[in-house]
Amino acid sequence: MEKKNIDWGNLGFSYMETDKRFVSNFKDGVWDEGELISEANVTMSECACVLQYAQTCFEGLKAYTTEDGHIVTFRPDLNAERMEASAKRLEMPVFPKERFIDAVVQVVAANEAYVPPFGSGATLYLRPFMYGKNAVIGVKPADEFEFRVFCTPVGPYFKGGVKPLTIRVSDFDRAAPGGTGHIKAGLNYAMSLHAIVSAHEEGYDENMYLDPKTRTKVEETGGANFLFVTKDNKVVTPKSSSILPSITRRSLVHVAKEYLGLEVEEREIYLDEVKDFAECGLCGTAAVISPVGKIVDHGTEICLPSGMAEMGPVTKKLYDTLTGIQMGRIEAPEGWIKVIK
Ligand code: PLP
Ligand code: COI
């Protein structure tokens, strides 16, 4: 298979149209068989539920070329399960898990020429999503839906790769108690756009959102969960019902305990405690683990001892072990790697 002529090493995290995407439509209470198509554009009613009332949810996962030349994805079953939770919360039909995984496999296989080579630093990002497609004008769910998976080759989510980030404590809230913070609804990202644009304007890479009720506890950023390391090498990660259950974070918790023998605590974390931590990272499919060097809380700087030059040592070990598992250098726990080719 001849690869596309792409400058893999200089890709950012942006969209590039690839050859094929998988589409299945839901009508009269059933999903059709679905198929791979070439058309990247979508046509729908001006009054589609997704356009008027944001009835949409999505997922994100990656395909990798391993050291020995296989193409694999990482834990797609968990993306399927999370999309099921998102769909139910948004009154959308569930796309069955086995079909979700099969659609991912089909899209990767059909776009093999876009799967970045091993060692290039790039990966193939997959974006499964679903939206309410027919016209509704009263506030109610659609009854026709489209499920689609497309893919695009990507480089690092944050410019500068693994250079530590500077983030700010946001005055905007991300998710209300009892709201939709725990699912991957498009609306969670719409409300974060102003916050991220203004963070960038002020020179920050991301926002740290606090719990909206008390504004004392750390929640997450716009696109990643937090992971902290204490000065005695314990991994600590926020527990909250309004953060997205990150597959990367759940995998890192396992890696920390089972591969690195570290103690892990999932608990409420107060903003006041953050100054006492040794390391901080943002974890997610796109972010992998991106180290944070500085957190600014309304003019007060919290400088992590790991500094602004490189990842802290525990974050680095977690990063190396997780990417080692994903790239096939380190043996994966049962069921984590889905081999496509
Ligand atoms: N938190 C938010 C708000 C996200 O959008 C993402 C990205 O999917 C994550 C966390 C990380 O989740 P995962 O590791 O499953 O990609
Ligand atoms: C991901 O990590 O897959 C995300 O969805 C984060 C962001 C691109 C929304």
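Ligands are counted one by one from 1 in listed order, and the atoms in each one are counted from 1 as well. Just so we're clear, the structure is a prediction, and the values are computed from it rather than from any experiment. In what follows, residues are counted from 1 in the order of the sequence shown.
In this structure a side-chain-to-backbone donor-acceptor pair under 3.5 Å is present from Thr152 to Met16.
Two rings, from Phe147 and Phe145, have their centers 6.0 Å or more apart.
In the model, Lys20 has a side-chain atom that pairs as donor or acceptor with a side-chain atom of Ser38 under 3.5 Å. The closest side-chain donor-acceptor pair between Asp297 and Thr300, if any, does not fall under 3.5 angstrom. Remark: the Arg75 side chain and the Thr285 side chain contain no N/O donor-acceptor pair separated by less than 3.5 Å.
Proximity to Arg174 (heavy-atom distance under 4.0 Å) selects the following atoms of ligand 1: 3 (C). Residue Asn225 has at least one heavy-atom neighbour below 4.0 Å for each of these atoms of ligand 1: 1 (N), 10 (C). Counting the atoms of ligand 1 from 1 in the order shown, those under 4.0 Å from a heavy atom of Leu244 are 1 (N), 2 (C), 4 (C), 6 (C), 8 (O), 9 (C), 10 (C).
With respect to Lys316 and Glu279, no salt bridge is recorded, no charged nitrogen being found less than 4.0 Å from a carboxylate O. The residues Glu219 and Arg174 are annotated as not salt-bridged, no charged nitrogen and carboxylate oxygen being separated by less than 4.0 angstrom. Taking 4.0 Å as the cut-off between side-chain N and carboxylate O, Glu59 and Lys184 do not count as a salt-bridged pair. Residues Glu220 and Arg249 are not paired through a salt bridge, judged by the lack of any N-O separation under 4.0 Å between the basic side chain and the carboxylate. Using a 4.0 Å cut-off between charged nitrogen and carboxylate oxygen, Asp205 and Lys163 do not count as a salt-bridge pair.
Heavy-atom separations between Gly222 and ligand 1 include at least one value shorter than 4.0 Å.
Proximity of Ser246 to ligand 1, defined as any heavy-atom pair under 4.0 Å, is shared by backbone and side chain alike. Only side-chain heavy atoms of Arg82 come within less than 4.0 Å of ligand 1; its backbone N, CA, C and O stay farther off. By the criterion of a heavy-atom distance under 4.0 Å, neither the backbone nor the side chain of Lys62 is placed next to ligand 1.
Atom 9 (C) of ligand 1 has its closest protein heavy atom at Gly223 O, 3.5 Å. Among all protein heavy atoms, the one lying closest to atom 16 (O) of ligand 1 is Thr285 OG1, 2.6 Å. In terms of protein heavy-atom proximity, atom 8 (O) of ligand 1 is nearest to Lys184 NZ, 2.8 Å. Looking only at heavy atoms of the protein, atom 1 (N) of ligand 1 is closest to Glu220 OE1, 2.6 Å.
For the residues Gly284, Gly60, Ser192, the heavy atom positioned nearest atom 11 (C) of ligand 1 is part of Gly284.
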Are there any N/O pairs under 3.5 Å between ligand 2 and the protein, and if so, what are their distances?
unit_1   : atom_1 : unit_2 : atom_2 : d
ligand 2 : 2 (O)  : Thr285 : N      : 3.4
ligand 2 : 2 (O)  : Ala286 : N      : 2.8
ligand 2 : 3 (O)  : Tyr125 : OH     : 2.7
ligand 2 : 5 (O)  : Tyr125 : OH     : 3.3
ligand 2 : 5 (O)  : Lys184 : NZ     : 2.7

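In this structure, Glu310 has no salt bridge (Lys or Arg N to Asp or Glu O under 4.0 Å) partners at least two apart in sequence or on a different chain.
Below 30°, between 30° and 60°, or above 60°: for Phe95 and Trp31 the angle between ring planes is above 60°, a perpendicular geometry. Ring orientation note: the planes of Phe13 and Tyr157 are nearly perpendicular, at an angle over 60° on the 30°/60° scale.
Backbone and side-chain nitrogen or oxygen atoms of Tyr189 are examined, and one is located within less than 3.5 angstrom of a nitrogen or oxygen of ligand 1. The shortest N or O to N or O distance between Ile247 and ligand 1 is under 3.5 Å. Checked against a 3.5 angstrom limit, the closest N/O atoms of Arg249 and ligand 1 fall outside it. The distance criterion of under 3.5 Å between nitrogen or oxygen atoms is not met by Thr221 with respect to ligand 1.
In terms of hydrophobic clustering, with Ile, Leu, Val, Met, Phe, Trp and Tyr side chains grouped at heavy-atom distances under 4.5 Å, Val23 and Tyr131 are assigned to different clusters.
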